[in-house]
Engineer: 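If you scroll down you'll find the structure; I have some questions about it.
Just so you know, these numbers come straight off a predicted model, no measurement behind them.
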Amino acid sequence: MGYLVKRIAFYLFTAWAAITLNFFVPRVMPGDPVQSLINKARGQMTADSIQSLYILFGLDKDESLLSQYFKYWGQLFRGDLGMSFTFFPSQVGEVIGRALPWTLALVGITTVIGFVIGTALGTLAGWRRGSWIDALIPVTTFLSSIPYFWLGLIAIALLTGPDSFFPPGNGHDTGLVPGWDWEFVGSAVQHSLLPAITILISSMSGWILSMRNMMVTVASEDYVTVAHAKGLPERRVMVGYAARNALLPNVSGFALSLGFIVGGTLLVEIVFSYPGLGFLLFQGVGTKDYPLLQGIFLIITLSVLLANFVADLAYMLLDPRTRREA
């Protein structure tokens, strides 16, 4: 229990530090985002209207930074992430809520599938060295070194075109209204196939490589030799003794991957113009949309912390030493 309390205290402190940085960093960056809205009005705004905009977006220059900071915390406790400059007058929460399902569906599913398949293949490759599965390692090493976005550009160049099954971008066909009908769902699945394959190939290769190397190391440990000497079935030794311990580093990596699911695979979403959080973040950076950037970074930060906490729990289940410490 003491171990869990320490970890929870650590994550609470990290969350406070991340939220504090999330507030101050955009405000010390050069540029004035409200000025872009004023420029769009082409001088047709009064001084009172301009001051109202600064107050509306929490950037009132007559108010101290510390006062804005406490107001920001008050907004967070009320679940208010502010108003977006880019999608004015929509609330940041509404904008993120529209983009989040796209990222979770694309990056979330592919990350989990890539981890499961990659870990399983890596286990077999490490346990049966010299087999045909082990011969895949040079290919997976090459694929894992290629960035997601580069694979995406190659896939667009080779697999898309006027008569191709794969659309070159967007989340669904133009003109369709998002909803739970077969036409829209079919279109969304079709548009997500190419970016999903791109992410799957690249991420799965990394899991195979790391798991294979850990299995090779663990297979020479004494407890595995003892398990063989006891005459235990080969499959039980591989899964229950070797893979269980070799899996621990991958669990940490998977937890981090889960956290970054929310941020989306930024460049892949940009390459495919996919309407997820990564593409939204790109739009927010381009327009200096502080509330939107803060909202997205907050979601990413909390997701990473939550994923790491889940990894701690998984470690307790898999590793007896951690359970004893807890």
Engineer: Output all residues satisfying side chain to side chain donor-acceptor pair (under 3.5 Å) with S210, sequence neighbours left out; order by chain, then residue number.
Structural biologist: N250
Engineer: First locate atom CE of M238, then atom CG of L124, and finally report the distance between them rounded to the nearest 0.5 Å.
Structural biologist: 5.5 Å
Engineer: If you compare all heavy atoms of T110 against all heavy atoms of S203, which two are closest, and at what distance to 0.1 Å?
Structural biologist: O-OG, 4.5 Å
Engineer: Quick check: do W207 and L121 have side-chain heavy atoms less than 4.5 Å from each other?
Structural biologist: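 When only atoms from C-beta onward are counted, L121 and W207 do not touch, as no gap falls below 4.5 Å.
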Engineer: Going by ring-ring contact (aromatic ring centres under 6.0 Å, His included), name the pairs with one or both residues in residues 220-252, residues two or more places apart or in two chains.
Structural biologist: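 Pairs touching residues 220-252 that pass the test: W127-H228.
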Engineer: Should M211 and V216 be counted in the same cluster of Ile, Leu, Val, Met, Phe, Trp and Tyr side chains packed under 4.5 Å apart?
Structural biologist: no
Engineer: Donor-acceptor pair, distance only, cut-off 3.5 Å: does the side chain of D80 make one with the backbone of G82?
Structural biologist: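 Flag set: sc D80 to bb G82 pair under 3.5 Å.
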Engineer: Looking only at heavy atoms, what is the nearest atom pair of F87 and S84, with distance?
Structural biologist: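 That would be N-OG, 3.1 Å.
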Engineer: How close do T301 and A18 get, heavy atom to heavy atom, and via which atoms?
Structural biologist: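 Between these two residues, the closest heavy atoms are CG2-CB, 3.3 Å.
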Engineer: Step by step, work out the side-chain contact (heavy atoms from CB on, under 4.5 Å) result for L153 and W150.
Structural biologist: CA-CA 5 Å; L153 290 173; W150 184 242; 4.0 Å; yes
Engineer: What are the two closest heavy atoms between A15 and L302, and how far apart are they?
Structural biologist: CB-CD2, 4.4 Å
Engineer: Say whether, by atom type as modelled, one donor and one acceptor occur between the side chain of S164 and the main chain of L159 under 3.5 angstrom.
Structural biologist: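 Yes; judged by distance alone, with no hydrogens or angles, the pair exists.
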Engineer: Quick check: does any side chain N or O of D173 sit under 3.5 Å from a backbone N or O of L176, one acting as donor and the other as acceptor?
Structural biologist: no
Engineer: Between S90 and V95, which heavy-atom pair has the shortest distance, and what is it?
Structural biologist: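 Smallest interatomic distance, heavy atoms only, reads CB-CG2, 3.9 Å.
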Engineer: Check the pair N213 / T217 against side-chain contact (heavy atoms from CB on, under 4.5 Å), numbers first and verdict last.
Structural biologist: CA-CA 6 Å; N213 292 338; T217 303; 5.7 Å; no
Engineer: Any non-hydrogen side-chain atom of R129 less than 4.5 Å from a side-chain atom of R212?
Structural biologist: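 Sidechains of R212 and R129: in contact.
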Engineer: Classify the side-chain pair T103/E269 by whether it contains a donor and acceptor separated by less than 3.5 Å.
Structural biologist: yes
Engineer: With a 4.5 Å heavy-atom cut-off, do F297 and L21 have their side chains touching?
Structural biologist: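 No; the side chains remain at least 4.5 Å from each other.
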Engineer: Heavy-atom count check: over 12 atoms from other residues, nucleotides or ligands less than 6.0 Å from E183 CD?
Structural biologist: no
Engineer: Can you sort out the partners of Y11 under ring-ring contact (aromatic ring centres under 6.0 Å, His included), two or more places apart, ordered by chain and number?
Structural biologist: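 Y11 satisfies ring-ring contact (aromatic ring centres under 6.0 Å, His included) with no other residue.
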Engineer: State yes or no: do V226 and L232 share one hydrophobic cluster built from I, L, V, M, F, W and Y residues joined by side-chain heavy-atom distances below 4.5 Å, directly or via other members?
Structural biologist: no
Engineer: Hey, what do you get for CD (Q75) to CG (L81), rounding to the nearest 0.5 Å?
Structural biologist: 8.5 Å
Engineer: Salt bridge (charged side-chain N to carboxylate O under 4.0 Å, His left out) with R7: which residues, sequence neighbours excluded?
Structural biologist: D312
Engineer: Treating Ile, Leu, Val, Met, Phe, Trp and Tyr as nodes and any side-chain heavy-atom pair under 4.5 angstrom as an edge, say whether V310 and V107 lie in one connected cluster.
Structural biologist: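 No, it is not one cluster - the side chains of V310 and V107 are not joined through contacts under 4.5 Å.
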Engineer: What about L306 and I19, same hydrophobic cluster or not, with Ile/Leu/Val/Met/Phe/Trp/Tyr joined at side-chain heavy-atom distances under 4.5 Å?
Structural biologist: no
Engineer: Compare every heavy atom of V224 with every heavy atom of A219, then report the nearest pair and how far apart it is.
Structural biologist: O-CG1, 3.8 Å
Engineer: To the closest 0.5 Å, what do you measure between CG (N308) and CZ (F10)?
Structural biologist: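 Going from the CG atom of N308 to the CZ atom of F10 covers 8.0 Å.
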Engineer: To the nearest 0.5 Å, what is the distance between OG on S67 and OH on Y72?
Structural biologist: 15.0 Å
Engineer: N22 pairs by side chain to side chain contact (heavy atoms under 4.5 Å, CB included) with which of I296, L298, L76?
Structural biologist: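 Testing N22 for a side chain to side chain contact (heavy atoms under 4.5 Å, CB included) against I296, L298, L76 leaves exactly one candidate, L298.
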Engineer: Quick one, W102 with H191, criterion ring pair (Phe, Tyr, Trp, His ring centres under 6.0 Å). Give me CA distance, side-chain angles, the key distance, then yes/no.
Structural biologist: CA-CA 11 Å; W102 293 96; H191 281 72; 9.0 Å; no
Engineer: Suppose we screen for ring-ring contact (aromatic ring centres under 6.0 Å, His included). Which residues come up paired with F77, at least two apart in sequence or across chains?
Structural biologist: W73
Engineer: Side-chain donor-acceptor pair under 3.5 Å between S192 and Y274, yes or no?
Structural biologist: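 No, no side-chain donor-acceptor contact under 3.5 Å.
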Engineer: Roughly how far, to the nearest 0.5 Å, is the CZ atom of F13 from the CG atom of L305?
Structural biologist: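 The CZ atom of F13 is 12.0 Å from CG of L305, to the nearest 0.5 Å.
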Engineer: Run the numbers on F24 and Y69 for ring pair (Phe, Tyr, Trp, His ring centres under 6.0 Å), then give the verdict.
Structural biologist: CA-CA 8 Å; F24 283 105; Y69 174 68; 5.4 Å; yes
Engineer: Apply ring-ring contact (aromatic ring centres under 6.0 Å, His included) to F165 and list each qualifying residue two or more places apart in sequence or on a separate chain.
Structural biologist: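 With neighbours one apart ignored, the set is empty.
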Engineer: Please report the interatomic distance CG(L247) to CE(M215), rounded to the nearest 0.5 Å.
Structural biologist: 10.0 Å
